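Everything quoted here is computed from the prediction, not taken from an experiment. One-based numbering, in listed order, for ligands and for the atoms of each.
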Amino acid sequence: MRPSDLRFSSRAFDLPTSRSPIRVTWLGTAGFAIEHEGTTILIDPYVTRVSLPTAIARPLASNVALARRFAPKADAIVTGHTHFDHVLDVPTIAKLTGATVYGSRSCTHLCRAEGVAADRVVDVETTMRGEPVRAEVGPFELRFVPSVHSAFALGRIPFPGDIADCADVPLRTHHYKCGAVFGVELRVAGKRLYHLGSADLLDVKVPRDVDLLLMCVAGWTTTSRFTSRVMQAFTPDAVLLSHWDDFFSPMDAGAKMLPAMQLPRLVEELTREDPSVKLGALPLLGSVCL
Ligand SMILES: [Zn+2]
């Protein structure tokens with residue numbers, strides 16, 4: 001199976017003519033841009049895509065030219081956790097666009113160290129007080145939902161803990177610790193979208209009847225009963241698969257599927273749970289509207 005076999009089209013949804021569309025663009029890895037009526041929310045945007053030798057041996061630097069090219073506009077940036085493939089470009093894009101960043105305490109530390117203005121960073125972790133934090137951005141209503149990271153590295157979550165001390169930015173790969181993990185529910189124009197940035201979840205915390213689930217694939221095979229739990233918890237109408245690509249390969253090379261993601265088996269299991277679910281994947285920078 002190739003990801004193109006799962007390509008989404010706007011025909012996956014009944015597009016209303018009475019309002020402007022909600023446009024969902026895949027930025028590679030777990031990254032998405034979601035736009036409606038001129039407001040753009042970025043989630044886990046990662047476009048630098050450092051090479052594997054750099055990730056192993058050198059401090060990681062966000063590529064400003066790539067950030068400018070692939071993330072030209074953002075009103076808000078949401079970071080689900082602070083591994084480098086989710087957060088490396090967040091401070092750069094925030095500074096380029098003036099967007100407000102929503103993320104964990106770990107994300108806040110990083111953004112402040114990288115020079116993002118204090119009033120442009122919202123720590124959704126310390127303001128939660130046991131309840132999901134909410135925010136309004138233009139027509140979007142955001143709700144940050146506590147979640148968990150898949151334990152795919154020999155049964156462990158890679159690089160656990162917080163980014164607490166960033167005096168020595170740029171950081172190396174292992175300094176990008178996971179931090180607190182969040183899913184984000186986005187409600188806009190009567191639709192409910194949900195970004196699951198790692199292949200695990202706290203089943204009782206998530207919303208049901210999601211119109212479009214943006215689902216991270218990486219690590220799904222090591223998460224207990226992942227497919228049945230996801231389908232029963234979210235009861236999604238449609239699922240867009242993400243984080244199945246080789247993120248050490250540059251943007252210009254297009255998305256290359258990693259065989260270890262076992263996409264055919266994943267699709268089979270999701271379809272068995274709900275034969276009517278709309279399943280899709282997008283090419284790099286491809287969009288779907290709903
Ligand atoms: Zn991660």
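Within the coordination shell of the Zn ion (ligand 1), defined by N, O or S atoms under 2.8 Å, H86 is absent. Residue C178: no N/O/S atom is found under 2.8 Å from the Zn ion (ligand 1).
Other residues, nucleotides and ligands place more than 12 heavy atoms under 6.0 Å from the CZ atom of R208. Residue-environment remark: CG (D119) exceeds the threshold of 12 foreign heavy atoms within 6.0 Å.
Looking at H81, its N, O or S atom nearest to the Zn ion (ligand 1) turns out to be NE2. Summary: ND1 is the N/O/S atom of H83 found nearest to the Zn ion (ligand 1).
Between I56 and T173, the closest side-chain pair of non-hydrogen atoms is not below 4.5 Å.
Less than 6.0 angstrom separates the ring centroid of H86 from the ring centroid of H243.
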